[in-house]
Novice: 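Sharing a structure with you now.
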Amino acid sequence: MDKAAAPPDDTAIRLRGLSKTFGSGSTAVHALRDVDMTLRRGEVVGLVGPSGSGKSTLLKCLGAVVEPTAGRIEMGGQAVFDSASGGWLIDDLRALRRDRIGFIFQAPYLIPFLDVTDNVALLPMLAGHPDREARARARELLEALDVGHRLGVRVSLLSGGEQQRVAIARSLVNRPPVILADEPTAPLDSERALAVMRILEEMARRYGAAIIVVTHDEKIIPTFRRIYRIRDGRTVEEAGEGRSLGP
Amino acid sequence: MISLASRDIGHHLGRFVFTGVGLGLLIGVTLTMAGVYRGMVADGRAVIAASGADLWVVQQGTLGPWAEPSSVRDDAYRALAGLPGVAEVANAAYLTMQVPVRGRDVRVMLAGIEPGGLGEPAQLVAGRPLLRSHYEAVADEAAGLAIGDTVRIRRHEYAVVGLVRRATSSAGDPMLFIPLKDAQEVQFLKDNDSLVAERARTAANPALNRPGIPGLLDAVLASQNAGRSVNAVLVRVAPGYPPEEVKAEIGRWKHLTAWTRADMEDILVAKLIATSARQIGMFLAILAVVSAAIVAFIIYTMTLNKQREIAVLKLIGARDRSIAAMILQQALALGLIGFLVGQLAALVWAPYFPKHVLLEPGDALRGLAATLLVCAVASLLAIRAALRVDPADAIGG
Ligand SMILES: Nc1ncnc2c1ncn2[C@@H]1O[C@H](COP(=O)(O)OP(=O)(O)OP(=O)(O)O)[C@@H](O)[C@H]1O
Ligand SMILES: [Mg+2]
């Protein structure tokens, strides 16, 4: 329904005047102040800033697990949050997260008691797809991400890099227009970090997702074409180097 | 949709099964306690059934012959036999004592019966019933005697001629049937020394041993040993007569008290074991609470250890319902393992209990229901904790 209402432009997510204040009075923390941000489908954007600047808070607002204090969030042209209209405009935030947002974390946060395939297939299953179809989708992505040879293995037996690729597959499997990645390369060496960025670039292009990557990681900052710098809750957009990641 | 509960259990199978077995032993104890109670009830009924009577006539105002001492003159049965509705009467004597069986003392209930009369065990599993009026015995299997054995009771040796099954006193002691006269002797006759001493005392009494009246002393001595007693007169009621009426008739005319089967059940099952039943009830309650605490603790810890996974599940769109179901299913699975282990354990160890442990399928079903209920309740704490987990925690700081 909402897809039909989407305008023909390729905006995946748009923030207008987004603010978040924790607490009130003298102890209030203004974690986000008047943030504007627009992400297009298929692009990977960096979100860079010092510790405590509000990066995680921004991801939580986008991920619909923290309610912004003010502002407006649109996904695919549809307003999902508007403080002027009383807050969240969608009743079922879990379905919103499940169907329209992918999450990648610093640690892969896989479900240890599920095997590789089911860690990924769980999401389409939660969305109500039959098990077979969900697993087929999971396998396809896992193969595209080069972990197709470890499908039935327990995730705790995978290497760190393999786990991270399983997590990426999980974030992509429901084809969300937006993927939020919090320091996805932090535990990896520079070669692997660049490999993960290459995968994200390719996945963004192939599946038409907007990927926002929070990072401190100097190794990967030069790879972004667009970067939002955040400081004390305020964002500034700048052009990145957009260094080619090769094939 | 995959079963999160079973996958998680599979992931921690060792710990899960180990806990289930521990819980199972506890449940096994619980089921055994219930079995002990059932055994007591069954024993109470067994002694009633073993006598085959419709009425027990006992000393006036007593709950005899088993729950209270009762003494009835052994010629009272003649008057009872003449009452309307009485088809058959027989004297019976009961006493509990220790007899030596193969070098160890076994506690038995001695039942003195008239061979061929009421009170005889209905079905033998081996051998023959009592035929002679002296020095034969029919024993319950549980006494550990075999046909051909001899057992010494006080002054005499008794030959075991038959065996019966499940004839026990309400306390669970195996019964040993012997001829009534022998039982009376065991119960009421004095030993030789005291007889001699009593004779001497009587002879030394100038009032009873008058040189001028020959024969007086002998008459006194004879009367001292003449009046014999039994503990009860068993009555079989003729068809067409309600036992209640015959009971009332006896109570009205004979200065005796009669009990029907229903009365006996009430005396032996309800009254006699009431305290033990409450005791067992206490144990059951405590065991249920302890089991609940164990399940709650285990499921709660398992849930706390999964907080991060639960946050991730919520973040990626799993419903509270699915997460609660996962925890509930784990608790129920734990309960099920526990119950199966418990039932198995109870079946294995019940025969080794000194008392009769009667495991009834109905109790097993009730135990299963109670276990599952307790597990479901115990999982509530963990479910509450899981529902409180914030999906934002998955994203971290
Ligand atoms: N739930 C909360 N309650 C109160 N204050 C919070 C809460 N979450 C974040 N903050 C505050 O908001 C500010 C921004 O925090 P945030 O976690 O977004 O920083 P960050 O940029 O992710 O830092 P880091 O790089 O260290 O992860 C900090 O001052 C933090 O203390
Ligand atoms: Mg952070």
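Chain letters run A, B, ... following the sequence lines, proteins first and then strands; every chain starts at 1. Quantities reported herein were computed from a predicted structural model and do not represent experimental measurements.
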Novice: Based on non-hydrogen pairs under 4.5 Å, which of Ile101(A), Leu114(A), Val66(A), Leu110(A) is most in contact with chain B?
Specialist: Leu114(A)
Novice: Which pair of heavy atoms, one from Ala95(A) and one from Arg319(B), lies closest together, and at what distance?
Specialist: CB-NH2, 3.9 Å
Novice: Taking side chain as everything from C-beta outward and backbone as N, CA, C, O, which of these in Lys306(B) sits under 4.5 Å from a heavy atom of chain A? Side chain, backbone, both or neither.
Specialist: side chain
Novice: Measuring from Leu123(A):CG to Leu313(B):CG, what's the distance to the nearest 0.5 Å?
Specialist: 9.0 Å
Novice: Any idea which of Leu96(A), Asp115(A), Asp118(A) has the most non-hydrogen atom pairs under 4.5 angstrom with chain B?
Specialist: Asp118(A)
Novice: Between Arg97(A) and Lys314(B), is there a donor-acceptor pair closer than 3.5 Å when you use the side chain of the first and the backbone of the second?
Specialist: yes
Novice: More than 12 heavy atoms of other residues, nucleotides or ligands under 6.0 Å from CZ of Phe297(B): is that the case?
Specialist: no
Novice: What part of Asp92(A) gets closer than 4.5 Å to chain B, counting heavy atoms only: side chain, backbone, both or neither?
Specialist: side chain
Novice: Quick one: does any side-chain atom of Arg94(A) pair with a main-chain N or O of Ala318(B) as donor and acceptor, under 3.5 Å?
Specialist: yes
Novice: Tell me if the CG atom of Asn305(B) is crowded by more than 12 foreign heavy atoms within 6.0 Å.
Specialist: yes
Novice: What part of Arg135(A) is in contact with chain B, defined as an atom under 4.5 angstrom from a non-hydrogen atom: side chain, backbone, both or neither?
Specialist: side chain
Novice: Could you look at Leu126(A) and say if it's the side chain, the backbone, both or neither that has a heavy atom under 4.5 Å from chain B?
Specialist: both
Novice: Please round to the nearest 0.5 Å and tell me the distance separating atom CE of Met125(A) and atom CG of Leu4(B).
Specialist: 10.0 Å
Novice: Look at atom CZ of Arg38(B) and say whether more than 12 heavy atoms of other residues, nucleotides or ligands are closer to it than 6.0 Å.
Specialist: yes
Novice: Within a reach of under 6.0 Å around OH of Tyr300(B), are more than 12 heavy atoms found that belong to other residues, nucleotides or ligands?
Specialist: no
Novice: Among Ser322(B), Ala392(B), Pro391(B), which residue has the highest count of heavy-atom pairs closer than 4.5 Å to chain A?
Specialist: Ala392(B)
Novice: Heavy-atom distance under 4.5 Å to chain B: side chain of Tyr109(A), backbone, both or neither?
Specialist: both
Novice: Please identify, among Ile316(B), Val312(B), Leu315(B), the residue contributing the most non-hydrogen atom pairs under 4.5 Å to chain A.
Specialist: Leu315(B)
Novice: Using heavy-atom distances under 4.5 Å, tell me whether Pro130(A) contacts chain B through its side chain, its backbone, both, or neither.
Specialist: neither
Novice: Near Arg231(A) CZ, under 6.0 Å, is it more than 12 heavy atoms from other residues, nucleotides or ligands?
Specialist: no
Novice: Which answer fits Arg308(B), side chain, backbone, both or neither, if we ask what part of it has an atom under 4.5 Å from a heavy atom of chain A?
Specialist: side chain
Novice: Can you tell me how far the CD1 atom of Ile2(B) sits from the CG atom of Asp131(A), to the nearest 0.5 Å?
Specialist: 7.0 Å
